[in-house]
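A short write-up of the structure that comes next.
All heavy atoms count here, side chains included; hydrogens, waters and symmetry mates do not.
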Amino acid sequence: MIYENSLAFAQEADKNDPLREWRNEFHFPQIKGKDAYYFTGNSLGLQPKQARTFVEAEMKKWETYGVEGHFVPKERPWLKFHEASKAALAKIVGAKPLEVVCMNNLSVNLHLLMVSFFRPTKKRFKVICEAGAFPSDQYMFESQLKFHGLNPAEALIEVAPRTGEQTLRTEDIISTIEQNADELALVLFGGLQYYTGQLFDMPAITKAGHKAGAFVGFDLAHAAGNVPLHLHEWDVDFATWCSYKYLNSGPGNVSGIFVHERFAYDKDLPRFAGWWGHNEQERFLMEKGFDPMPGADGWQLSNVNVISTAAHLASLQLFEQVGMEALREKSLKLTGFLEYIIDELSGEDKLFEIITPRNPQERGAQLSIYFHRNGKLMFDYLVEEGVIGDWREPNVIRIAPAPMYNSFEDVYHFGRLLKEAIKKYADA
Ligand SMILES: *Cc1c(COP(=O)(O)O)cnc(C)c1O
């Protein structure tokens with residue numbers, strides 16, 4: 001696509017966008033009487049208009065059936081509710097339905113999956129992750145290592161960018177894995193780095209980790225619903241993600257997990273168990289002796305939080321209809337347009353620069369912009385003018401045009417307002 005920073009170009013691009021109508025399926029926050037320029041789908045995706053209908057359907061079941069809602073309704077009885085998301089989730093992360101389920105929240109699931117996949121021995125006890133991982137992941141690592149009596153300073157290896165660089169080189173990740181191969185128990189990486197927007201080479205990391213004799217997992221909080229994933233084919237051992245970022249399912253809503261098919265029938269794999277992970281046929285016999293369900297289902301603990309999961313289903317049906325390939329195709333163009341505009345505006349004196357990788361194959365929707373001066377002043381102006389973006393201390397703005405509902409015109413207006421902000425505040 002040959003870009004041009006003009007309203008006419010943006011409107012023409014929207015006219016030719018096969019996904020342009022999906023925007024109408026979402027509620028946009030209103031600022032000064034019009035739709036906000038919303039670029040924080042990487043933090044909290046917008047509400048699908050259908051979400052309320054889906055939630056109300058479950059309220060109605062509760063009203064009508066009480067406890068019988070578990071069995072009586074023809075559509076999605078609560079007993080089977082965890083199955084309703086499988087087909088869509090499997091497509092989003094590139095898995096078999098057996099390999100995925102939604103349950104709990106992301107940080108909880110990271111801990112639960114660590115129980116199964118981080119079993120340090122005297123010889124193999126090290127974990128490799130990316131430096132500057134999301135805080136919850138850092139606390140998870142620290143507490144898990146201490147729980148096993150390990151010293152995080154020795155057992156946790158964080159791969160950092162080289163001096164003067166912002167993002168990681170795959171060769172550095174691989175060589176860190178190779179150097180620690182004899183002592184390595186687990187590689188657990190972000191799929192897409194929340195701060196820099198870097199998309200990691202998951203197949204290469206998985207291959208290297210397995211070659212070293214370690215398990216390999218990914219936190220896909222910023223990757224699920226953003227970039228195409230092929231977890232089964234890549235041979236990833238496990239993964240987890242949240243549903244409220246690119247998956248538009250509402251604040252704090254349910255997380256998803258992936259456990260590779262090779263563990264589906266492995267009843268000896270240690271895990272923390274609960275009744276919803278127990279053999280369905282016998283669940284209500286309420287007997288002793290945990291017998292895990294095959295696949296990811298065997299990691300469930302509790303019965304499904306039906307009311308909030310209903311909102312997740314409303315969003316997933318949109319993903320089923322649009323498809324990740326079409327979303328990615330639009331996303332590459334949309335984020336490319338944003339990149340073009342930012343580069344044009346940053347000008348000769350490099351007021352700001354993009355720290356996200358320049359190669360579109362190494363990023364998703366988000367661009368992180370590092371301001372060399374007066375970033376907060378300019379950001380505050382953008383907010384006043386109807387842009388919802390994300391400010392990260394000390395001086396980074398993260399902007400994520402979500403292909404499901406953002407338009408080229410949204411991106412154009414972001415650029416127009418940034419230009420005004422520069423005029424007013426660059427030299428303030
Ligand atoms: C958003 C995010 C989280 C949030 O965890 P919750 O348990 O859902 O609150 C954790 N890890 C990463 C990498 C994230 O991006």
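Here the side chains of Arg373 and Leu351 are in contact, with some heavy-atom distance below 4.5 Å. The side-chain heavy atoms of Leu113 and Val259, taken from C-beta on, include a pair separated by under 4.5 Å. A heavy-atom distance below 4.5 Å is not found between the side chains of Trp299 and Asn109. Tyr246 has its side chain within reach of Asn42: a pair of non-hydrogen atoms, C-beta onward, lies under 4.5 Å apart. Annotation: side chain of Met103 is not in contact with side chain of Trp276 (no heavy-atom distance under 4.5 Å). Contact annotation: the side chain of Met404 approaches that of Leu327 to within less than 4.5 Å [non-hydrogen atoms, C-beta and beyond]. Side-chain contact between Trp241 and Phe258 is present, with heavy atoms from C-beta onward closer than 4.5 Å. Using a 4.5 Å cut-off on side-chain heavy atoms (C-beta onward), Leu338 and Leu334 make no contact.
His82 NE2 to Thr309 OG1: the interatomic distance, rounded to the nearest 0.5 Å, is 11.5 Å. We find the CZ-CG distance between Phe28 and Leu46 to be 5.5 Å, quoted to the nearest 0.5 Å. From Asn104, atom CG reaches atom CD of Gln300 across 9.0 Å, with rounding to the nearest 0.5 Å. Atoms CZ and CG, from Arg363 and Leu199 in turn, are 11.0 Å apart once rounded to the nearest 0.5 Å. Here CE of Met1 is found 7.0 Å from CG of Asn16. Values are rounded to the nearest 0.5 Å. The CG atom of Asn253 lies 8.5 Å from the SG atom of Cys102; values are rounded to the nearest 0.5 Å.
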For the pair Arg20 and Lys15, evaluate side-chain contact (heavy atoms from CB on, under 4.5 Å) and give the outcome as yes or no after the intermediate values. CA-CA 7 Å; Arg20 65 184 176 277; Lys15 222 172 76 191; 5.6 Å; no

Would Arg358 and Asp343 count as a side-chain contact (heavy atoms from CB on, under 4.5 Å) here? Give the steps. CA-CA 11 Å; Arg358 291 300 190 156; Asp343 282 343; 2.8 Å; yes

Decide side-chain contact (heavy atoms from CB on, under 4.5 Å) for Ile128 and Val159; before the verdict, give the C-alpha distance in whole Å, the side-chain angles of both, and the deciding distance to 0.1 Å. CA-CA 7 Å; Ile128 291 182; Val159 189; 3.8 Å; yes

Does Arg416 form a salt bridge (charged side-chain N to carboxylate O under 4.0 Å, His left out) with Glu385? I'd like the steps, not just the answer. CA-CA 11 Å; Arg416 176 178 63 78; Glu385 294 301 314; over 6 Å; no

Assess whether salt bridge (charged side-chain N to carboxylate O under 4.0 Å, His left out) is satisfied between Glu420 and Lys423, documenting all intermediate values. CA-CA 5 Å; Glu420 289 179 15; Lys423 220 183 223 160; over 6 Å; no

Using the side-chain contact (heavy atoms from CB on, under 4.5 Å) rule, take Met202 and His230 through it: C-alpha gap first, then chi angles, then the decisive distance, then the call. CA-CA 9 Å; Met202 288 180 257; His230 304 281; over 6 Å; no

Would Asp201 and Lys207 satisfy salt bridge (charged side-chain N to carboxylate O under 4.0 Å, His left out), going step by step from the backbone distance to the final call? CA-CA 10 Å; Asp201 188 341; Lys207 214 167 144 202; over 6 Å; no

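A side-chain donor from one of Asp35 and Gln30 sits under 3.5 Å from a side-chain acceptor of the other. Neither side chain, Gln321 nor Trp22, offers a donor N or O lying under 3.5 Å from an acceptor on the other. Side chains of Thr167 and Thr196: no donor on one and acceptor on the other come within 3.5 Å.
Side-chain atoms of Gln138 come within 3.5 Å of backbone N or O of Ala133 as a donor-acceptor pair. Distance alone, capped at 3.5 Å, places no donor-acceptor pair between the Ser243 side chain and the Ser255 backbone. Between the Asp17 side chain and the Leu19 main chain, a donor and an acceptor come within less than 3.5 Å of each other. At least one donor-acceptor pair closer than 3.5 Å links the side chain of Lys61 to the backbone N or O of Arg76. For Asn5 (side chain) and Ile341 (main-chain N/O), no donor-acceptor pair under 3.5 Å exists by modelled atom type. For the pair Ser116 (side chain) and Pro270 (backbone), a donor-acceptor distance under 3.5 Å is present. In this structure, the side chain of Ser368 does not engage the main chain of Thr356 through any donor-acceptor pair within 3.5 Å. Checked by atom type and distance alone, the side chain of Lys32 pairs as donor or acceptor with a backbone atom of Glu384 at under 3.5 Å. Although no hydrogens or angles enter the test, the distance criterion places a donor-acceptor pair under 3.5 Å between the side chain of Lys49 and the main chain of Asn24. Arg124 places a side-chain N or O within donor-acceptor distance of the main-chain N or O of Leu184, the cut-off being under 3.5 Å.
For Glu63, the side chain to side chain contact (heavy atoms under 4.5 Å, CB included) test picks out Lys60, with sequence neighbours left out.
A tilted orientation is assigned to the rings of Phe9 and Phe337, their planes being inclined by 30° to 60°. Below 30°, between 30° and 60°, or above 60°: for Phe263 and Phe117 the angle between ring planes is above 60°, a perpendicular geometry. The aromatic rings of His413 and Tyr37 lie parallel to each other, with less than 30° between the two planes, well short of the 60° mark. Between Trp391 and Phe371, the ring-plane angle classifies as tilted under the 30° and 60° cut-offs. Taking the six-membered ring where tryptophan is involved, the planes of Tyr425 and Tyr381 are tilted, since the angle between them lies from 30° to 60°.
Aromatic ring centroids of His148 and Phe125 lie 6.0 Å or more apart. If you look at Phe147 and Phe118, their ring centroids are not closer than 6.0 Å.
One finds no salt bridge joining Arg23 and Glu409 here, because no Lys/Arg side-chain nitrogen approaches an Asp/Glu carboxylate oxygen to under 4.0 Å.
Among pairs with a residue in residues 127-146, those fulfilling ring-ring contact (aromatic ring centres under 6.0 Å, His included) read Phe134-Tyr194, at least two apart in sequence or across chains.
Applying side chain to side chain contact (heavy atoms under 4.5 Å, CB included) to Phe352 and the options Val396, Ile422, Ile397 leaves one that passes, Ile422. Between Phe215 and the options His260, Met114, Arg119, a side chain to side chain contact (heavy atoms under 4.5 Å, CB included) holds for only Arg119.
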